[in-house]
Every structure is written in C-alpha cells, then in structure tokens.
Amino acid sequence: MSRYKVTLKPLDWFFFGGDQTFDNGDTQSFIARSNRFPQQTTLLGMVRYQLLKKKNLLLSGDKEADAAKKPDIDALIGKESFDIESAGVQSFGKIKSISPVFIQYGERRLIPMPLTYGLNIGFCDEDAWMSGKRLSKVINAAFEEKKYSNYCKLIDDKMKSWDYEGDEGIFSSSMQIGITKADDGDENDKGFFKQETLRFKSSDTSFAFYLELDDDAILKDDVVFIGAQRSCFKMEVRTSDEKPFIPDHPAGSILLLSPTYVANRQSLDENCLQHWSGTISFCNIRQSDSGNLRSGVVCYHRHRSLCTFLTTGTVIFFDNNQIEELEKLLNKQNLYNIGYNHFSVKK
Amino acid sequence: MDTYIALTLGPITRVISLAQTTRGMWAASYIFSFLAKNIIEPFKESKFLLPYIDETLFKEKFDGAGVFPDRYIFEASDKDFDALVTKVDKVIGGLAANIAPSKEADSVKTMLMHYLKIYFFKTTRKKIQEGSGVIREETDSELVKRSEMQLALMEQQDSFIPSVPQNKHYLSKLINCEKLAPMQFLLDDAGIGKFRSIVNITSGNDGYGKEIQPETPYQRYIAIVYADGDSMGKAFAKVKNSNELSRQLLQFNKAAIESIKDFDGQPVYIGGDDLFFFAPVYKPGKGSIFTLLDELDKNFHGALGKDSPATLSFGVSITYYKYPMSEAVRLSQELLSKAKGYGADNPLKNNVLFSLQKHSGQTRSALIHKGCTDTVKKMNEEIIDKYIAVGNKDDLLLVSSVMHNLREHEPILLNAISDDKLLKNYFTNNYNEPAHDSFKGFFNSVRDFLHTSYLEYKDRIDRLKKSLDSPVEGRLSGFEAAYAAIDLCYATLQFIHLVNQKK
C-alpha cells in the first residue's frame, strides 16, 4: 500500500455545493453559497474517476466495450459509490483510505478551528435542561459572546489562527447572478439565482488530503474538475508520510477532526455531558448498479438521502464512564475510510 | 428565595432564514414570542430580573408584534425547575399539534424538541470576595451578566437538526404556507387577522386584501430594520433597581410600536432593546425612513433618560420588493452587527448602517454615526427633508448629476473636504453654468453637509485612536473620515434620487 499527499490548487473561482441546489428538488433555493471545503464524497468520486482515466477504463458509450470493462472497473474502484446507510464497510477497490481534507497554505496546513479553542473550559454543578435532556453539570468558561468567532476561523499546524474571510482571510468570495431558462427555452419564473463562488486569496494555497492506494493503482498529476459547474483544479500527487496534526482540546473531550455522522442523536446526548457543536446538512446522492441491463447498457439506481453531520471542530465533553459508548457511536469504519468520523480523544 | 432560573429560546436566526415572504418572516419571529409567552406564563408572578414582565404583556395585543424576548431570568422555588420541564414539554407538544397532522404530531414533537434550542438552568446567588477580603453577595446585575454568559455557552450546543425531508418539515411549511389557516393560532394570539404583504407595507396600505401594485418607484422598495441597544450592560449596572431598566424598555417598546405603526410600518418583533420591523422608505407627510429612525432614537432616550449610557444602533437594508426576503433580512442583520461595532475596524457604537440595493443589483451603503449630531441633523433636515419628493425633472437630474460627480471627483474631494474654502471652490468651478444658478441653495447644503460630516467623523476617529491601547492600522488611518463623509453624502443623494423618480 502507498501513501500520497494529493493537493488541489484551484485554477479559477470554485463552488462546492451542499444540500441546497438550484434544481427542482426538495431544497430549491434562489441563493446558494459555496461550502468552504469540498465534501469527502466529492474527493472520493474524483479519485475514482482519475484511476479509471489512467487505466483507460472510462465508459465510452460503446455498449459491448463498456460491459466488458465492468469487472476491471469494479476491481479498481469498487462496484458502487459511497452509501451513508451501508451497514457494512464498502470496498472501493484499490482505494484504501482518504483523510479529511485540509488547506495547504505555503508550508502550513489549516483546518477549521476547534470551537472551544482559546477558552478555559470547565464544568459547574447546576441543574440544566437542554432540548429534552436533563443535566446536572453545564459548561463554564469566561466567554464573551460578542467577541467569539471560532466558527469563522481556521487553525494551522503552528497553532496560529486564520480568518476564513476578511482582510486577513484565506478566501475571497464573489456573487454571480443569473437566470436559468426552462428546458424548452421559455421563461422560468423561478429562474433567478445567486451563487457565491470562492477563491483563495493567495496563489500559494490549495486543498489537500492524504490518500492510501494499493501499490498497483496509478494516480498522476492532472487537471481535474470537481464541484458545481466543474470547477477546475490542478492536482498534484506526491508520496508522503506526513501525519495529520491535532490541535489542542480540553481534557475529557473528543475533538472532531472531520465532518462526523451520528446516526442516533439521542444516543449522542445520552452518552456525553454536552457538545459544543456546529451542524451541516449533507445530501448523499449515490448511484448503484441495478443489476439490470437495458438494451445492453448497464442501468443504475440513483438514490438521495439527507443527513446531518457534526462539523469539524466540534468538541464533545464526556465523563469517563461514557467514553466507551461514545467511541462506539462515532467509530464508523465505512465513513472513516473516506475521511468522515475522524476524531481525537483526550481523557 | 435565592434560587433563579435562566432560560433561552432559539434558534431564531435559523428559523427566520426559512421564510420567503413578509408574512413568513413575521410567523418565524412570532413563533418564539408565542413559545416564550406560553412557557413563562405560569411563572409570571415570580420576580423577574430579565426582562420586565407584567400582566399587560399577556393580556394586551401589540399590532402583531412579538414582545416576548428570547431570554429570561427569574426567581424560582424548588419546584419551579420541574414545573418548567413539564411546561416546555407541553408547549412544544401543543405547537406540534398545531402544525402537523394528528397522526404525525408525536414525531413532529420529537423533531421540534431537538430542532428548537430551548435551554435553561438553575442557579443561586454567588458569594463574591472583594479585593479587601470582604465577602458579599452577587448584585442583580452581576447575576444577570453571569447567567447570560452561561446561557450563551449553552447555546453553543447546536441543535442537531434531524434530517427531515422538505415535505415533512412542518415548521418550514407553517412559515411558508400560502393560506392563512395553518398559522391561524399565531394570528389569533397576536390579535391580527392577517399580515400585510410587502407591497401593502411599501405603499403604506393597511390590511391585506387583494394584491396591489406599487404606484411609484419608491413603493417598489422596502426597508427592513434591525435595531439593538448598545452598552446595555453598563446601563443595567447603573440603575438601582433591577426591574427599573426593564420597565423603561417596556415603555420604549410601546412608544416604538406606535411610531412604526404611525409611519405605516409593520413591527415584527419589539422586545427589550431589540427591534425588527418592515417599513416603507418614504411616507408622504411624515418623511423618510431616516425620520422614523430618528424618532425611535428619541423614544429610546426618552424612556431611558439622558443620563443612561445606552444607545441604539440600527441595521437597515433597503431592497427591491422582489429581492429574496430571507437575504434582505440577513443583510439587515449583518448591517446591524457592523453598526454595533463588532470587530476591530469599527469599535464605535450608536450607529445606523444602511444599504440601498437597487433592482439592478447596484448597492450603496453608508454609516451614520448618531453621535455626530450635526451630521444627522443636516442629513435629515437640510438634505432629505428639503429635497425629497421634489416636483420636477430638472431637480431630479441635478441630484443625479451631483451624486455621480461625487464619485468621479472623489480624489479631489478627499483633499478638499477638510477645507470649506476649497470645497466652495470645487462647487463653484463645477456648477457654474446658468442652469445651475437656481440651485445654489442645494449646492450649499451638500457642501455644508460634506464638510460638517467630515469634521465630526474625523473628531470621532481621533478620539477613538486615543482611547485604544494599540496603534490603529489600516481603515482608521488616513482618509477614513473623508471616505465615510463622501459615502454618506452619496448614499443620501442616491436615496433621494430613488424616492424622487417618477418611473
């Protein structure tokens, strides 16, 4: 198995979508704002595509030729795309793992700042009630609500903080306005949209992640297209034994190092003291081989499921007697393998 | 009793972002007032440290405005904590029954229990050791400050929004329902039959009725205003009786509702030092939206007294009536945040930050430092009141011409603005055609406004620089005062131009 560091340097403005789209699905909206980071499933999809491309296994439209390629495709990248509801651990062929994505700014690596960073967190004994849960302890800290802005910050491996945007920010944004036309060219009353696209302020900045592949899988430098409207990135692939860095977090807490899916919210509440958290919606659109052939062409099912993830930087506080259940709740190998549900425990 | 309960309700901003119409915006905001009212009603005889509670709040109707804020601190007995748990459960269950089909009410209740951030805790008055070694009890203001900080900490635990498909998101469906029936329970509670549509508000029309069309260009624009008190902690510490400030704020709320209604605006939430309302940008006979803001400011200082250190900041977004409502509201909230001086680049409060976004997308924003009283006076009385709603085409062209020249000649004005003589020369040289002769009064007003606002802004910035511990860099050095004065003048003229357009 080989380990690589993959960097994605944007060649222009980019847009990473979330659950809000411009289409006629359940969550149509006039305005869409780009996520700051690509989703892990996007990176997985990009790697799968690139592996197929290098091996000349992309579907060509020739029914017989494509059908003949299928066994090699399955062996190289797996039979189906990521399924958040999968009970077992999915195989993605030669792709063994993808780390959570981060930002490479010069020599520094940046991730979202832990939400409790810079605060001296303790607990005080006070009866409390939070959304149906009774507590006997609550978080305590010298906290100035008006000055708190960890949600808007990143932290680097030298523990320096950075703003997402603003004068000292990493990103700059631009609003694009347009009108979508209906398919038949007629006016579309709901065609108005505004889309926020992003770019890095410095050209010395890129997205990055660590990738583990079987030794016989080939991934080379290339220009790749990811995100909405096929945002263009220059991909570089280098071998690496770099380890992800872990910012400091309070004793008796779990720091989430990636977006984390918890299937059972009630379980989380029952097995922690409190969590200082953000949430983000995620729409898992997956495509699987239906097992059918229609006119000789492989048919696919397309499924869509809406989930809520805890954001990177969330801090979950626990008592020692809760840690075992909590780790069980968060440890999901299928998610972990593609860069979700990574966390650090500090007892 | 020395035990207190502190309670907070949310997530207000998140729910408001679901709304797409003025009615939806009102419903999204009013729901929290409705919940708060029902949750604390059994405790209304208790001693409240925050806010001021009296019987009138439960019995009177306030023209549709929600008046119950999102935070409460009150003296509690031993049994009150459990009673509150039961009450919250019952109120959320009641809300679920109101918004969802009966067979889904239980699951919707569970969803709401997680979606809504209703948090509370029980605390006792702490002992504080002074520097001299004397131990004393926490004062009311100290207890309130500590409890509010605790509530803010608890609010950091985000509601883990269950993954609900849009067609099962009954809260969103309530807020954006096309018919009134689903939200009738809110309308009944507020004592209103309907909520005015956007054009009814911009046209100053009362009632709902058939959709009307805007008759003038300015009726195509709506002002969305958020206001919030500054230095309320200091104000609270200054009063002897913990209830006194809250009582004063209630007095302010009632006066504010009257002022807004008198302007044909529509209050959405008026509670404590927080205001959220829609208003037309201009009302013939009353003046502009800035006149209304000035009146609200007077209401605030009238209720709190001139010795109070508290002030009121405003965020005002003026947008085309077809602009997405949730975006316009979000813009107004952001403007308020900047007006209150959050962040290092504008630490002075007591401001109005407004943004005028035309239908073309062209946006202009400017900051009014309300502490610069001459600037405010000249803006309202010498510029807006005198030249708004003027009659003829030439006047309109003149305003447009001066406005655009401010931009084109900005490098000259940045240097001339500090010297009244140089400014006079600028106007004399640029407006010396015979056609300009009859507008000397207008040029004098603009010149005077530019110079006065520059001087007052510069003084304010210089005082700020002296008061800060570290050197000021970037935006507060150099031409900042000149830029701010020119921006304000430009935005003011653009506002007049908008109102004066015939079509």
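Bear in mind the structure is a predicted one, so any value in this text is a computation, not a measurement.
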> From H114(B) NE2 over to T308(A) OG1, what is the distance, rounded to the nearest 0.5 angstrom?
Replying inline: 12.0 Å

> Does some side-chain heavy atom of M154(B) sit less than 4.5 Å from a side-chain heavy atom of W276(A)?
Replying inline: no

> What distance separates K133(A) NZ from Y119(B) OH, expressed to the nearest 0.5 Å?
Replying inline: 10.5 Å

> Do E144(A) and K145(B) sit within salt-bridge range, that is, some charged N less than 4.0 Å from a carboxylate O?
Replying inline: no

>> Tell me which of these, L84(B), V85(B), L112(B), has more heavy-atom pairs under 4.5 Å with chain A than the rest.
In response: V85(B)

>> Rounded at 0.5 Å granularity, tell me how far CZ in F121(B) sits from CH2 in W129(A).
In response: 15.5 Å

> Got a donor-acceptor contact below 3.5 angstrom from the Q150(B) side chain to the A141(A) backbone?
Replying inline: no

>> Which atoms of E145(A) are under 4.5 Å from chain B, going by heavy atoms: the side chain, the backbone, both sets, or neither?
In response: side chain

>> Looking at D319(A), I want to see if its CG is surrounded by more than 12 non-hydrogen atoms of other residues, nucleotides or ligands under 6.0 Å.
In response: yes

> Is the number of heavy atoms from other residues, nucleotides or ligands within 6.0 Å of NZ (K201(A)) greater than 12?
Replying inline: yes

>> With a sphere of 6.0 Å drawn around NZ of K126(B), does it hold more than 12 non-hydrogen atoms of other residues, nucleotides or ligands?
In response: yes

>> Just verifying a value: how many Å separate M130(A) CE and E155(B) CD, rounded to the nearest 0.5 Å?
In response: 9.0 Å

> So T279(A) and R14(B), side-chain contact (heavy atoms from CB on, under 4.5 Å) or not? Walk me through it.
Replying inline: CA-CA 12 Å; T279(A) 55; R14(B) 184 176 274 161; 3.8 Å; yes

>> Distance check, rounded to the nearest 0.5 Å: F143(A) atom CZ versus L151(B) atom CG?
In response: 11.5 Å

>> Any salt bridge linking K122(B) with D125(A)? Criterion: basic side-chain nitrogen under 4.0 Å from a carboxylate oxygen.
In response: no

> Which value, rounded to the nearest 0.5 Å, describes the distance between D82(B) atom CG and D127(A) atom CG?
Replying inline: 8.5 Å

> At their closest point, which heavy atom of L153(B) faces which heavy atom of I139(A), and how far apart are they?
Replying inline: CD1-O, 3.8 Å

>> Tell me whether K234(B) at atom NZ has more than 12 heavy atoms from other residues, nucleotides or ligands lying less than 6.0 Å away.
In response: no

